Chemist: 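Handing you this structure, nothing more for now.
Counting starts at 1 for both ligands and their atoms, in listed order. These numbers were taken from a predicted model, which means no experiment stands behind them.
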Amino acid sequence: MISKIGLHIRLTSTLTEVIEKALRLNVPFFQTFFIYPSGKYIKFEKNDVFEFLRVRNKYFQNLYLHGSYWINLCNPNIPAYKVLKKEILMAKKLEFTHLVLHPGAATGCKDKTEGIEFLAKALNRICKEEQDIKIILENTAHANSSIGGDINDFKILMNYLKYPEKILYCIDSAHAYSWGYDLSNFKRQEEFIKLINETIPKENLALIHLNDTNEKLSSKIDKHCIPGKGNIGKEALIRFLKFDEIKDIPILIEPPTIDENEEKLVLHELNKWIA
Ligand SMILES: [Zn+2]
């Protein structure tokens with residue numbers, strides 16, 4: 001069976017350890033943070049970078065960096081842009097192809113629309129300055145001033161983008177459910193796909209974060225569980241992945257911390273879902 005599903009791999013010691021784990025688990029691509037669980041940025045060590053790049057270039061095409069959660073581009077008073085540039089620089093050094101970002105929150109803005117305008121400004125600048133990495137915005141589970149829980153926020157954002165074709169999108173199934181899109185219900189699922197269709201151009205939908213959650217519908221709580229083991233459930237997730245709009249998009253899972261053997265079993269099971 002061809003392995004089609006990518007994995008979020010936590011950085012705990014070296015970059016080489018991350019990429020060797022990806023090889024052992026036979027994933028076609030992976031995602032990571034450049035931050036240790038302690039909250040500190042990774043330190044680049046020459047031999048580690050060299051070995052990472054050697055394996056990276058031999059076995060992988062696309063690699064996804066998940067931007068840190070403290071990057072909030074919606075508020076120009078926070079030095080988020082500088083942090084973003086720092087992470088992009090690291091990503092380029094390690095030849096990551098994509099950077100997944102949460103859109104942020106319009107805290108301190110007069111309203112959500114102003115936050116979206118600030119976000120667009122930052123994205124316009126980044127598109128102009130950085131050509132070697134693709135930015136992917138992910139829908140979130142959060143509400144109130146947060147951008148991107150409501151999928152319609154992306155539509156508003158696009159009105160302010162100078163290079164809308166360059167900004168890509170990721171749909172996280174658990175975030176969608178926690179925000180209030182009932183993906184466990186077939187009819188609601190169809191409505192959600194219709195909304196995606198009307199909002200995000202097909203060529204800009206770049207990634208599916210296939211996650212499930214034990215949190216309630218509309219709870220706005222971002223807590224993942226293994227796909228099929230939560231409130232969305234196996235049957236509904238399999239159905240979701242079969243929509244024409246979804247079926248050819250790269251899929252990556254972000255399970256809670258489980259041991260490597262369990263990760264292997266989960267990946268094997270999920271690859272069967274889409275085989
Ligand atoms: Zn996600």
Chemist: Just wondering, is there an N, O or S atom on His209 that's nearer than 2.8 Å to the Zn ion (ligand 1)?
Modeler: yes
Chemist: Name of the Glu138 N, O or S atom nearest the Zn ion (ligand 1)?
Modeler: OE2
Chemist: Between Glu269 and Lys234 (salt bridge meaning N to carboxylate O under 4.0 Å), is one present in this structure?
Modeler: yes
Chemist: In Glu254, the N, O or S atom nearest to the Zn ion (ligand 1) is which?
Modeler: OE1
Chemist: Do the numbers put Lys86 on top of the ring of Tyr41, so that NZ or CZ is under 6.0 Å from the six-membered ring centre and no more than 45° off the axis?
Modeler: yes
Chemist: Does the distance from a Lys or Arg side-chain N to an Asp or Glu carboxylate O, for Glu191 and Lys194, drop under 4.0 Å?
Modeler: no
Chemist: Excluding sequence neighbours, so at least two apart, what forms side-chain contact (heavy atoms from CB on, under 4.5 Å) with Lys92?
Modeler: Ile88, Glu130, Asp132
Chemist: Check all N, O or S atoms of Asp172 and name the one closest to the Zn ion (ligand 1).
Modeler: OD2
